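Working notes for the structure below.
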Amino acid sequence: MTTRTMDTTEELGAFLRSRRERLDPDRLGLPAHRRTRRTPGLRREEVAELAGVSTDYVVRLEQGRGLRPSAEVLAALARALRLAPGERDYLFDLAGRRRPGTTGGPAAGPAPSLAHLVDDLSPLPAALLDHRYDLLAWNPEMARLLPEFDAVPPERRNAMWLCLLHPPMRGFYADRERVLRDGVAHLRAAWAAHPQDRALAALIAEFTAQDEDFARLWAEREVRVNGRGRKLLRHPAVGTIAVDFEVLLPLEDPELRLLVYRGADDESRVALHRLCGGDGRQEG
């Protein structure tokens with residue numbers, strides 16, 4: 001199977017169209033039109049008016065006709081379409097105009113200090129991931145928490161692959177839909193930031209072909225990612241564990257993600273202690 005990298009102009013048009021169609025004109029205070037709307041959301045001329053551009057320009061953008069909108073036009077479209085910060089970044093990435101303060105290109109590899117930090121976070125389960133969700137480093141607690149992780153071949157140590165295609169983890173997440181939704185949103189945002197990354201494109205193609213839930217969520221073009229929250233984990237050895245998670249971005253390597261878990265309640269902390277060993281204490 002040929003791996004297809006991103007056609008950014010095509011995706012830009014599809015993304016703008018999907019965001020236009022989700023908006024409710026009544027909630028935006030737009031004047032009512034006499035004729036009935038045949039499609040959901042705003043009309044192209046309404047988006048054009050809100051963004052201060054021509055209707056023809058919006059049409060050509062949505063048709064993927066190779067336009068290169070300026071940063072000012074992109075900002076106006078983001079305001080008109082009420083884009084969230086992550087969606088705005090996605091739009092700028094698709095247009096090849098990353099906003100100041102963001103980086104381009106994949107990291108060359110994790111600094112040794114980051115790998116040492118992952119180890120030093122014990123007894124909290126921790127791991128370091130790249131933009132593809134490849135696991136670059138992890139501590140013993142994280143390895144014990146992920147069912148049969150030691151049996152996973154090195155080339156398959158990817159957080160999304162584990163969730164989708166590693167049988168021992170099929171029922172690991174109690175709210176698998178939400179975990180998948182967050183993961184898909186991250187990969188879509190990464191796809192826009194790295195349109196020529198063939199390894200990432202190959203992963204997305206594999207996941208889309210082999211998992212119908214991934215394919216369904218990928219088609220929604222959601223790019224909002226939760227960097228903090230709670231997960232319920234069903235571990236075969238110790239039962240259900242509630243963990244609070246935090247995703248941190250190193251300033252020197254913002255393409256990487258440091259994922260840290262901690263027990264969310266006393267029972268979960270005891271379960272993690274039984275599973276991972278140590279003295280059972282978690283500061284905080």
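Bear in mind the structure is a predicted one, so any value in this text is a computation, not a measurement.
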- prompt: Please walk me through it: do Arg181 and Glu177 pass salt bridge (Lys or Arg N to Asp or Glu O under 4.0 Å)?
  reply: CA-CA 6 Å; Arg181 188 173 293 277; Glu177 173 80 8; 3.1 Å; yes

statement: Interatomic distance, OH@Tyr173 vs CG@Leu233, rounded to 0.5 Å, equals 6.5 Å

task: Could you tell me whether the side chain of Thr208 and the main chain of Ala205 form a donor-acceptor pair under 3.5 Å?
output: no

Contact summary for Ile241 and Leu145, nearest pair of heavy atoms: CD1-CD1, 4.1 Å

statement: Correct closest heavy-atom pair for Val260 and Leu121 would be CG2-CD1, 3.8 Å

- prompt: Which heavy atom of Ala95 sits nearest a heavy atom of Pro69, and at what distance?
  reply: CB-CG, 4.3 Å

message: Run the side chain to side chain contact (heavy atoms under 4.5 Å, CB included) test on Glu246 and Arg262 for me, step by step, so that the C-alpha distance in whole Å, both residues' side-chain angles and the decisive distance to 0.1 Å come before the verdict.
response: CA-CA 9 Å; Glu246 194 81 31; Arg262 60 182 299 115; over 6 Å; no

- prompt: Can you tell me how far the CG atom of Leu42 sits from the CZ atom of Arg17, to the nearest 0.5 Å?
  reply: 14.5 Å

- prompt: In terms of side-chain geometry, is the basic nitrogen of Arg188 or Glu220 positioned less than 4.0 Å from the acidic oxygen of its partner?
  reply: no

message: Please report the interatomic distance CZ(Arg230) to CG(Asp244), rounded to the nearest 0.5 Å.
response: 4.0 Å

task: Could you walk me through whether Val118 and Met142 pass side chain to side chain contact (heavy atoms under 4.5 Å, CB included), step by step?
output: CA-CA 10 Å; Val118 170; Met142 182 64 82; over 6 Å; no

statement: Residues Ala242 and Ser268: closest non-hydrogen pair is N-OG, 2.8 Å

field: Aromatic Tyr261 / basic Lys231 pairing, under 6.0 angstrom, 45° off normal
entry: no

message: According to a hydrophobic-cluster definition based on side-chain heavy atoms being under 4.5 Å apart (Ile, Leu, Val, Met, Phe, Trp, Tyr only), do Leu232 and Val243 belong together?
response: no

query: side chain to side chain contact (heavy atoms under 4.5 Å, CB included) with Arg44: which of Val58, Leu16, Leu61?
result: Val58

- line: By side-chain contact (heavy atoms from CB on, under 4.5 Å), Arg60 pairs with (sequence neighbours left out) Asp56, Tyr57, Arg65, Leu67

task: Mind checking salt bridge (Lys or Arg N to Asp or Glu O under 4.0 Å) for Arg224 and listing every partner two or more places apart, or none if nothing turns up?
output: Glu87, Glu222

query: Is Arg20 salt-bridged to Glu46, going by a charged N under 4.0 Å from an acidic O?
result: no

query: Near Glu252 CD, under 6.0 Å, is it more than 12 heavy atoms from other residues, nucleotides or ligands?
result: no

query: Hey, any chance Leu258 and Leu136 share a hydrophobic cluster, counting ILVMFWY side chains that come within less than 4.5 Å of each other, even indirectly?
result: yes

Working for side chain to side chain contact (heavy atoms under 4.5 Å, CB included), residues Trp161 and Gln210: CA-CA 10 Å; Trp161 187 89; Gln210 297 195 29; over 6 Å; no

- prompt: Is it true that atom CD of Glu62 has more than 12 heavy atoms of other residues, nucleotides or ligands lying nearer than 6.0 Å?
  reply: yes

More than 12 heavy atoms from other groups under 6.0 Å of CD on Glu267: no

Listed partners of Phe172 passing ring pair (Phe, Tyr, Trp, His ring centres under 6.0 Å), at least two apart: none

- request: Taking salt bridge (Lys or Arg N to Asp or Glu O under 4.0 Å) as the test, write out the residues that go with Asp182, two or more places apart.
  value: none

- request: Could you walk me through whether Glu206 and Arg132 pass salt bridge (Lys or Arg N to Asp or Glu O under 4.0 Å), step by step?
  value: CA-CA 13 Å; Glu206 178 185 9; Arg132 303 184 194 102; over 6 Å; no

- request: Please report the shortest heavy-atom distance between Asp7 and Thr9, naming the atom on each side.
  value: OD1-OG1, 2.9 Å

- request: Name all pairs fulfilling the ring pair (Phe, Tyr, Trp, His ring centres under 6.0 Å) condition that reach into residues 216-243, sequence neighbours left out, sorted by first residue then second.
  value: Trp191-Trp218, Phe214-Trp218

- prompt: Yes or no on side chain to side chain contact (heavy atoms under 4.5 Å, CB included) for Leu164 and Leu180, after CA distance, side-chain angles and deciding distance?
  reply: CA-CA 8 Å; Leu164 294 172; Leu180 280 181; 3.3 Å; yes

query: Applying ring pair (Phe, Tyr, Trp, His ring centres under 6.0 Å), which residue pairs with at least one partner in residues 134-154 are found, sequence neighbours left out?
result: Trp138-Phe149

query: How long is the gap from CG on Leu248 to CG on Leu117, to the nearest 0.5 Å?
result: 9.0 Å

